[in-house]
Amino acid sequence: MFNRYSNAWFKKNPYSSPTFANMEHDPELLNDEPSEELYERKTFTVGREEPLRIDKWIQQHLENATRNKVQQGIEAVFLTVNGKTVKNNYKIKQGDEIVLLSFINPDYTVVKPEPIPLNIVFEDDAILVLNKPANMVVHPGVGNYTGTLLNGIAYHFIQQNPSLDEDALPRYGLVHRIDKNTTGLLVVAKTPEAASNLAKQFFNHTVSRKYVALVWGNLENDEGRIEAHVGRHERFRKMFTAYPEGESGKHAVTHYKVLQRFHYVTLVECVLETGRTHQIRVHMKHIGHTLFNDWEYGGDKILKGTVYAKYKQFVDNCFAICPRCALHAKTLGFKHPVTNEDVFFESPLPEDMVLLIEKWSGYMKDRNE
């Protein structure tokens, strides 16, 4: 009998995955409903049908689903019927509400293990908590097949279990992601049960996440709440934008609090109530406070300040110190998927943001003297 939280479990079940099948991903779904979470919730209500085993029923209702994948997903608690877990032999009946989680991450079929250093904050048999550096993509995708965080995680798993087939590495560990140029905390599941548990916590918005960002301008209020749908930009499809009337995109809420003011820029703490792609960047731009040096959203230009050459040179120096969007995922809290205990992790600000803040502090000091 294999311990499902051991490396032996990976070897015995190399293709186990919370996706019930290698489902075809709908590009429009991915484009129009962006999310930092990597699972979507599918809900079915059973109509007048002959009693049928749940695994067979799901197989019939999901494109490209295999019986084996469906059974693995049910056993990993990625499916509930009327809010409760069931066995594979459960027979559906009229009125049953079936909810399942399915992977929506863009397709990547091969994860090549690479010896990429990982800043591991915590690890046990169920989860891995990492501190992601800047300029690193989280997972392979179009244009980024190597050098990603997941390539490094794959190598890490190989080191733990050298007999693990490289082509059979588990790919279900990611339950959320952060942008390439954002630094900070990320949790990875090491078992499908842990992935299911964490994915549900992200869906239910019970995961605590705080970010620290430097934004342009002097915010009027010390704290506030931003509510505006976030969705793909209609013209520039690689960008996202706010839809305050809810006419497009998905519901998104960000809470912010001012930490320090530097007259032309402000250091803020952002708490996510939802987890849409680029949410903080889009929401802060929406209220007129674009993130500092966020080139995709216009933050790499002087948006506040003087017209003097000396000030322009100062800002250019700041851009050089922190040559990326000034955003850091500082804290991460959730219930451990095995012990159910509250766990909390905190990551110090990276050096580039520390130096950036010190430079603005020095500028304010000189300005006030």
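The chain is numbered in sequence order, starting from 1.
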**OP:** Give a yes or no on this: more than 12 heavy atoms of other residues, nucleotides or ligands lie within 6.0 Å of atom OH of Y308.
**Re:** no

Subject >> Closest non-hydrogen atom pair between A228 and P244, with its separation >> reply: CB-CA, 3.9 Å

Original post:
So, do R225 and V253 sit near enough that their side-chain heavy atoms are less than 4.5 Å apart?
Top reply: yes

Original post:
Rounded to the nearest 0.5 Å, how far apart are CG of L327 and CG of L214?
Top reply: 10.5 Å

**OP:** Flag the pair I92 / I98 as yes when at least one side-chain heavy-atom distance between them is below 4.5 Å, and no otherwise.
**Re:** yes

**OP:** Kindly indicate, with the supporting measurements, whether the criterion side-chain contact (heavy atoms from CB on, under 4.5 Å) is fulfilled by E273 and H255.
**Re:** CA-CA 7 Å; E273 189 173 309; H255 302 267; 2.7 Å; yes

Original post:
Is the H251 ring parallel, tilted or perpendicular to the H229 ring (thresholds 30°, 60°)?
Top reply: perpendicular

Original post:
Which pair of non-hydrogen atoms, one from T182 and one from A329, has the smallest distance, and what is that distance?
Top reply: CG2-N, 4.3 Å

Original post:
Below 4.5 Å, heavy atoms only, C-beta onward: do L185 and V129 meet side chain to side chain?
Top reply: yes

Original post:
Can V265 be reached from W295 by stepping across I, L, V, M, F, W or Y side chains whose heavy atoms are under 4.5 Å apart?
Top reply: no

**OP:** Measure from the ring center of F314 to the ring center of Y363 and say whether it is less than 6.0 Å.
**Re:** yes

**OP:** State plainly whether the residues K190 and E123 are in salt-bridge range, i.e. N to O under 4.0 Å.
**Re:** yes

**OP:** Among H233, H283, H278, H289, find the residue that satisfies the ring-ring contact (aromatic ring centres under 6.0 Å, His included) test when tested with Y297.
**Re:** H278

Subject >> Over all atoms of both residues, closest heavy-atom pair of L198 and V175 >> reply: CB-CG2, 4.1 Å

Subject >> E247, CD atom: more than 12 neighbouring heavy atoms under 6.0 Å >> reply: yes

**OP:** Answer whether the closest heavy-atom distance between the side chains of Q94 and E49 falls below 4.5 Å.
**Re:** no

Original post:
Taking the inter-plane angle between the rings of Y264 and W360 on a 0 to 90° scale, is it parallel (under 30°), tilted (30 to 60°) or perpendicular (over 60°)?
Top reply: perpendicular

Subject >> For V212 against M353, the heavy-atom pair lying closest together >> reply: O-CE, 3.7 Å

Original post:
Can you tell me how far CG of L79 sits from CD1 of I58, rounded to the nearest 0.5 angstrom?
Top reply: 5.0 Å

**OP:** Report yes or no: does K93 contribute a side-chain atom to a donor-acceptor pair with the main-chain N or O of L52 at less than 3.5 Å?
**Re:** no

**OP:** Please test T146 against N151 for side-chain hydrogen bond (donor to acceptor under 3.5 Å, both in side chains), starting from the C-alpha separation and ending with a verdict.
**Re:** CA-CA 7 Å; T146 62; N151 292 113; 5.8 Å; no

**OP:** Would you confirm whether H328, through its side chain, and P348, through its main-chain N or O, come within 3.5 Å as a donor-acceptor pair?
**Re:** yes

Original post:
Is there a donor in the side chain of D124 and an acceptor in the side chain of H336, or the other way round, less than 3.5 Å apart?
Top reply: yes

**OP:** Please step through side-chain contact (heavy atoms from CB on, under 4.5 Å) for the pair Y90 and V81, ending with a clear verdict.
**Re:** CA-CA 9 Å; Y90 173 85; V81 178; 3.9 Å; yes

Original post:
Given side chains that start at C-beta, do those of L149 and L186 come closer than 4.5 Å, heavy atoms only?
Top reply: yes

Subject >> salt_bridge(R261, D222) N-O dist < 4.0 Å >> reply: yes

Original post:
side-chain contact (heavy atoms from CB on, under 4.5 Å) with F240: which of R232, E296, R276?
Top reply: R232

Original post:
Is there a side-chain contact between T266 and Q260, using heavy atoms and a 4.5 Å cut-off?
Top reply: no

Original post:
Taking atom CD1 of I153 and atom CD of E114, what is their separation to the nearest 0.5 Å?
Top reply: 12.0 Å

Original post:
Just wondering, do K335 and Q201 contact through their side chains at under 4.5 Å, heavy atoms?
Top reply: yes

Subject >> Donor-acceptor pair between E97 and T43 side chains, under 3.5 angstrom >> reply: no

**OP:** Please check if the side chain of K285 supplies one atom and the backbone of T241 the other of a donor-acceptor pair under 3.5 Å.
**Re:** no

Original post:
So I120 and L128, side-chain contact (heavy atoms from CB on, under 4.5 Å) or not? Walk me through it.
Top reply: CA-CA 7 Å; I120 298 176; L128 180 69; 3.8 Å; yes

Original post:
Can a salt bridge be assigned to the pair K210 and E346 using a cut-off of 4.0 Å between side-chain N and carboxylate O?
Top reply: no

Original post:
Where is the tightest heavy-atom contact between R324 and P350, given as atom of each residue plus distance?
Top reply: NH2-CG, 3.3 Å

Original post:
Taking side chain as C-beta onward, heavy atoms only, is F292 less than 4.5 Å from L356?
Top reply: yes

Original post:
OG/S347 to CG/N119 distance, rounded to the nearest 0.5 angstrom?
Top reply: 7.0 Å

**OP:** Count the heavy atoms belonging to other residues, nucleotides or ligands that lie under 6.0 Å from NZ of K56, then report whether that count exceeds 12.
**Re:** no

Original post:
Would I280 and Y256 satisfy side-chain contact (heavy atoms from CB on, under 4.5 Å), going step by step from the backbone distance to the final call?
Top reply: CA-CA 9 Å; I280 292 173; Y256 70 85; over 6 Å; no

Subject >> Derivation of the ring pair (Phe, Tyr, Trp, His ring centres under 6.0 Å) call for F202 and F334 >> reply: CA-CA 9 Å; F202 276 98; F334 51 88; 7.7 Å; no

Subject >> Contact summary for C322 and D352, nearest pair of heavy atoms >> reply: SG-OD2, 3.8 Å

Original post:
Would one find more than 12 heavy atoms of other residues, nucleotides or ligands at under 6.0 Å from atom NZ of K304?
Top reply: no

Subject >> Between E193 and N197: side-chain donor-acceptor atoms closer than 3.5 Å >> reply: no

